[in-house]
Amino acid sequence: MAFERVCSLDDLWQGEMENFEVSGTEVLLIHLDDGSIHAIQSICPHQEVELVNGSLEGKVLTCSMHLWQFDVSSGEGINPTHAEVAKYPVRVDGEDIFVDTKGIEPKFTLA
Amino acid sequence: MTDNERSNSVGPVLRTGEVADAVIEAIQEDNPGRKFVIDDKVSYVRIETEGECIIRKETLSKYMGRPFSITELELDLTSFSGRVETTDNQIRFFLERSL
Amino acid sequence: MALLERNEWYDIARDTNWTPTYVSQENLFPPTMSDPYQIPIDEWETFDEPYKVSFREYVRTQREKDGSAYSVKAALSRSRFYDQACEGWASVLKLHYGTVALTEYQACQFQARMVRFGPSPSMRNMATFGMLDEMRHAQLQLFFPHELVHRDRQYDWAHEAAHTNNWAVIGGRHAMDDIMMCRDAVTGSLMVSFAFETGLTNLQMIGLSTDAANMGDFTFSNLITSIQSDEARHAQLGTPTIEIMVRNGYKEDAQKILDIAFWRVWRLFSVSVGIPMDYYIPLEQRHMSFKEFMHEWVNRQYVRQVEDLGLAKPWYWQHFLDDIENHHHCQQGGIWSWRPTVWWNPPGAVGPKERQWLEKKYPGWNDSYGTYWDVITENLLADREEKTHPECVPIICNMCQIPISNRPGKAWKARPYQFEHEGRRYNFCTEPCRWIFTTDPNRYKDHETIVDRMYSGEIQPPDLDGVLKYMGIGVVSEGGRDGYNYQWIEGFRSAAAE
Amino acid sequence: MANDSNELKPLKTWSHLAGQRRRPSEYEIVSTNLLWSTDGDMPWALSPNIDMNKWYLKYRNQSPLKHEDWDAFRDPDELVYRTYNIKQDGQETYVDGLLDEHNRNEHDTGYGKDWLECLAKSYTPARYLIHTMQMGSAYLVQMVPASTIENCAMLQAADQLRWISRISYRTKELQKSFANLDFGGQERNRWEKDPSWQGFRKLMERTLVTYDWAEHFVALNLIAKPAIDEAFIRQLGKASRRNGDMLLALLNDAQMLDSERSRRWTKALVEFALNIEGNRTILEEWIKKWEPLGDSAIELYCDGLPDSPEASSEAKIAVKEWRQSIGL
């Protein structure tokens, strides 16, 4: 395992999402309203669009370009269902958030 | 204040846009014989005439190309000179005392 | 649809006065909250609001207004406009939101006073919409600066300013508490609905909109004109009140009330609108001078409405005309010098081209205000920035709470306006400010200016750091600096080099 | 200078909300901590002995109901101005549809003489009653100690104007259909003299001159408003169903939706206040004082409804059960 410290809890509040570079990989870090923190690939599997520009409602992230939707907690596509985003393990230690990107590749699904 | 700033001018001040354009057309029809001064200030347009200015719902609807109520005019009516009187069918700007 | 027109049922909905028998009329409508003039109730029942709207129409129209105002919401949060906008424009916004947002919210409580204590049912119904309008204005003008707060902490003042003791806030609160929050429903309807909303809010909400459009800030331009479309309606509460007062022998009272409120609000607006228009907006985008706006909106439009109601221009009209030429120029100098005490970054912005423009719009500017800026320019050119900060504490007006200052140069006529009351000497900037105090000394006598508070020990430690902290500087955000980092003096440097 | 030595980090939201470490909702951004008159000891920046400072000190700051942080109150519906208009525009479109349809069906012509008398006696005079609610809610607006409470009271006041308008609208329609019954002319007299209204009039006049903000809230939102809901909205609605007046039944159902929203924030504010020791006794004493006036208002009104012998007891029980359900 290669967890790397990304930021502190004060940098990413509940309801926020932000892009970070972790060991050379662009990761989208999301802090849900329920307090859980998730890391997914930063680019929509559909086309080269930054998911950070999408909108977050509960645990559903909607891409701003073609409105593809993903369940952030599982990484599974909601619409279309055959799509999927890569998830990276997250660990919170005290005030700090750590993410491990080792061996995980972003996923791509053509329409 | 100098005397040339005192006048009997009345009329609406509207946000620039299609409603203002329609009002400019409608007032010519609703106030026959009156001369209007139209002052375009980029974000708003000041429309003025002497003594009294009426805008009727029917006429405004005609120039808007759809049914248009006097209340809807409020969306763009940011101010006016003179005093105001509203009914279901028209809005009237006026002064009671002429100089 | 076979629905009735509004005018068919409207009169029934505003026929709701009744005669109480389980409590006294006086207890139900205490004169200090309702009508101190005790005009007969059937006179109040003639109150006919000239601008009518029903609840049904209101929610439809307002929904549509908000649809348009908020449509830029998503775009705004990613807009590059505010990253690229010059600091002069950013200062206009910071000053605007900081002084306006919470003032609008307090106005809800004033409108509610008319809803509860207004002697006419029509007034109570109209003010219900007025109350909702003010809620809208507060919420819009909090929502939009909130989108900017992550870019620049000074936007936090949109919410925080009113909770601080910043000198500019003390001035604003004193005036608003005087004309709005501490008035009965009837007096307040004249002061707020007529003098304030019919007379002067147009300057801020429409006057600045043209400059905003010229700057490319269509969000702001759209926002403030949309707000003003509400004011154009609910401000109409004032007109019937004036008519009823005049008809019932209270013409002199009505005149005095208007004169007090108009002057108080004017002193604020000349700072919050006059300075931005003539100094903060970059020269290329300036559309009209503040003086020209004043003539369009006040001298032509407002005064004509006052006269049409049978009242006259305020007795201090000559002072007022003189003030249009001077007050905001004085305060631009003052605020710029005291820039670390404010929450925006006021640009000096009096380079050679700007001075030319100012001389054209305000003949004689160079011989007076110009001499003040000559000294500052000279110090800046010689790298003596520290000399551009004042060393002495100003004298503050006991009415408007703004530093007392006068036109510099040959026309200098420094003259203190003072008044002794119960052993205390009060200082005023002008005769109207002194006059307002004398109309009711008991009302104003205990208030302390920011400088009084330094001497009385309320501000601790009583040094510059202590005062700044007391004013929220370094607590809410950093204080101000020159908005253009003194680049406006470069025109003089190159002129000198040639 | 102080600002050089002070480290001020960039903000993600208003500084006063930053401690939550949570992205604030639109509601929180535009609704919280907006009063300047609760910041210091003296509400207004004028002399302490002027009437208005004395009024706010006595009736707001010195109210027996205490909380160290009224600003922490939140409206459970999180309504903002924008969403209120969207909601009510939709509701008003629905009501327009009801009125339009019933008008086209010549609904009014089917009324019997007894029912028309009931409408004249127990329905159209209600605009006076609802107007007192509008005034009372507006008193709360200017006196409550937090902006989040003030917003709820503001929308409650607006709701009352909504129903005054609709009752007036119906009054006019009835006037046009039945010129001989003096609809639109006899309401004030009924409100001032008819026995069935005197309980409500007494309750409301007394409520309106109760100037302590918290006692005013109790009289208005815990006694008067639920009594009006249960007697005027619900029991009159039932009577109209029984008498084939579906229009009035549906109008009152629509009005009840507004009342339910008002009950939600009332419940939330009561729970918020009950967290503080000592407040329960104060609230319960006030309820004890006002309850007889509320019950009497219900009785007098319901006894005037036709074929509704159970109305009075049902309404009184419903009000009590609701108060119990919110812990009182």
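No experiment lies behind these values; they were computed from the predicted model shown. The chains referred to below are lettered A, B, ... by the order of the sequence lines, with proteins before strands, and numbering in each begins at 1.
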Novice: Top residue by heavy-atom pair count (under 4.5 Å) with chain C, among B:V42, B:T71, B:D88?
Specialist: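 With the most close heavy-atom pairs to chain C, the winner is B:D88.
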Novice: To the nearest 0.5 angstrom, please state how far the CG atom of C:L208 sits from the CG atom of C:L223.
Specialist: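 The distance works out to 11.5 Å.
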Novice: May I ask you to say whether C:R14 pairs ionically with C:D11, meaning some side-chain N is under 4.0 Å from a carboxylate O?
Specialist: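 Salt bridge flag = yes for C:D11 with C:R14.
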Novice: Indicate the atoms forming the closest heavy-atom contact of B:E52 with B:N31, along with that distance.
Specialist: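 Minimum heavy-atom separation between B:E52 and B:N31: O-OD1, 4.1 Å.
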Novice: Which one of B:S69, B:G82, B:S98 has the most heavy-atom pairs closer than 4.5 Å to chain C?
Specialist: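 With the most close heavy-atom pairs to chain C, the winner is B:G82.
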Novice: Sort out for me which of B:E48, B:E72, B:E85 touches chain C most, counting heavy-atom pairs under 4.5 Å.
Specialist: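 Greatest number of close heavy-atom pairs with chain C: B:E48.
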Novice: Count the heavy-atom pairs under 4.5 Å between each of B:K41, B:R92, B:E74 and chain C, then report the option with the highest count.
Specialist: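 Of the candidates given, the most pairs with chain C belong to B:E74.
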Novice: May I ask you to decide whether C:K291 forms a salt bridge with C:D278, counting only side-chain N to carboxylate O separations under 4.0 Å?
Specialist: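 A salt bridge is absent here (no side-chain N lies under 4.0 Å from a carboxylate O).
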Novice: C:D308 versus chain B, heavy atoms under 4.5 Å apart: side chain, backbone, both or neither?
Specialist: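 Backbone plus side chain of C:D308, per the 4.5 Å heavy-atom cut-off to chain B.
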Novice: Under a 4.5 Å cutoff for heavy-atom pairs, which residue among C:L309, C:T239, C:V53 has the most contacts with chain B?
Specialist: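 Greatest number of close heavy-atom pairs with chain B: C:L309.
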Novice: Are side-chain heavy atoms of C:F262 and C:V298 found at a separation under 4.5 Å?
Specialist: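 Yes. Closest side-chain heavy atoms under 4.5 Å.
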Novice: Looking at B:I91, B:N89, B:L75, which has the largest count of heavy-atom pairs under 4.5 Å with chain C?
Specialist: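 That would be B:L75.
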Novice: Taking only Lys NZ, Arg NE, NH1 and NH2, and the carboxylate oxygens of Asp or Glu, determine whether C:D48 and C:K52 approach each other closer than 4.0 Å.
Specialist: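 Salt bridge between C:D48 and C:K52, a charged N being under 4.0 Å from a carboxylate O: yes.
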